[in-house]
Amino acid sequence: MADTRTKLLDAALETLKKQGMAGVSARTIATAAGVNQALVFYHFGSVDQLLAAAVERGCEQRMVLYRDRFAAVTTLRELLDLGRAIHEEERAEGSVAALAQLLAGSQTDSKLAPAVVGGLNLWIGEVEQALGRVLATSPLAEFADVSGLAKATAAAFVGLELYEGVDTDGAAQALDALEELAVLVTALEDMGPMVRRVVRARLTRSIGPRSRSHRDRESK
């Protein structure tokens, strides 16, 4: 049988998934866990601290399930396919939606921010490793800020969970647009060396200084 702390963690996550931040309280969580609400404060000190621990734990559990799938990715197309698959699975399971709810809540409650960062960093780490692999041989490799792209991708993925709740078609269109970007990158990789040299030269002129500036910041 799960101990009281584990029951509260599971109940907090489920309450956040089903009722959102507006429906979360010591009472609703304790009721879902089948325990006295005083135990929320005994074990975690506050509802915020319980939510933070629950969401980080939920993200860790989900990433264990996805880690091997991220590691198997070898192309940008495969990474986007995995992203779409994970989006469908997470929509059904709800842990990313819970992270999105916490992200929204942290705008007015700074105590929740560390948990949001912790949960996002788990996703960012996996995406960054995969992006680093698939872009390593791309003509865009020397210009791509892989760390920044990973952060943007993870933030967009979590944001889609909120967006989909109000505009399902719009969220689907956003995913389709990412797939179109992958097609463009793949087309560039399939072009001959002369075309690739031209593209590289143009990229160097247009974003080279900005990329160097970023690398300088990273090295400090």
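Keep in mind that the numbers below use all heavy atoms, side chains included, and drop hydrogens, waters and symmetry copies.
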With a 3.5 Å cut-off and no angle check, do the side chains of S25 and T28 form a donor-acceptor pair?
yes

May I have all residue pairs that pass side chain to side chain donor-acceptor pair (under 3.5 Å) and include part of residues 115-133, sequence neighbours excluded?
R67-E126

Crowding at OH, Y42 (>12 non-hydrogen neighbours, <6.0 Å):
no

Rounded distance [0.5 Å steps], CD1 in I86 versus CG in D81:
11.0 Å

Closer than 3.5 angstrom, by distance alone: can the side chain of Q107 be matched with the main-chain N or O of L103 as a donor-acceptor pair?
yes

Could you check whether Y66 and E90, counting side-chain N and O atoms only, form a donor-acceptor pair closer than 3.5 Å?
yes

Under 3.5 Å, is there a donor-acceptor pair between the side chain of E78 and the main chain of T74?
yes

Separation between CG of L79 and CG of L131, rounded to the nearest 0.5 Å
5.5 Å

How many angstroms lie between atom CZ of F70 and atom CG of L65, to the nearest 0.5 angstrom?
11.5 Å

Rounded distance (nearest 0.5 Å) linking atom CD1 of I29 with atom CG of L39
12.5 Å

Do you know the tightest heavy-atom contact between I124 and A154?
CG1-CB, 3.5 Å

Which atom names give the shortest non-hydrogen contact between V146 and G132, and what distance separates them?
CG1-N, 3.8 Å

Backbone N or O of Q49 within a donor-acceptor pair of the S46 side chain at under 3.5 Å?
yes

Nearest atoms (heavy-atom pairs only) where V40 meets A26:
CG2-O, 4.0 Å

State yes or no: do V117 and L51 share one hydrophobic cluster built from I, L, V, M, F, W and Y residues joined by side-chain heavy-atom distances below 4.5 Å, directly or via other members?
no

Does E88 CD have over 12 foreign heavy atoms under 6.0 Å away?
yes

Here the pair of heavy atoms bringing L112 nearest to G105 is CD1-C, 4.0 Å

From L9 atom CG to Q61 atom CD, the distance as rounded to the nearest 0.5 Å
9.0 Å

H43 and R5: which non-hydrogen atoms are nearest, and at how many Å?
O-NH1, 3.2 Å

Between E60 and R57, does the salt bridge (Lys or Arg N to Asp or Glu O under 4.0 Å) criterion hold? Intermediate values first, please.
CA-CA 5 Å; E60 288 169 356; R57 177 172 176 264; over 6 Å; no

Under 6.0 Å from the CZ atom of R69, do we count more than 12 heavy atoms belonging to anything else shown?
yes

Can a donor-acceptor pair be found, under 3.5 Å and without considering hydrogens, that links the side chain of K18 to the backbone of L13?
no

Considering only NZ, NE, NH1 and NH2 on the basic side and carboxylate oxygens on the acidic side, decide whether D3 and K7 come within less than 4.0 Å.
no

Minimal heavy-atom distance between G23 and T15, with the atoms involved, is O-CG2, 3.9 Å

Would you give the length of the straight line joining atom OG of S106 to atom CG of L99, rounded to the nearest 0.5 angstrom?
9.0 Å

Counting N and O atoms only, with roles assigned by atom type, does the side chain of Q101 sit under 3.5 Å from a partner on the main chain of M21, one being a donor and the other an acceptor?
yes

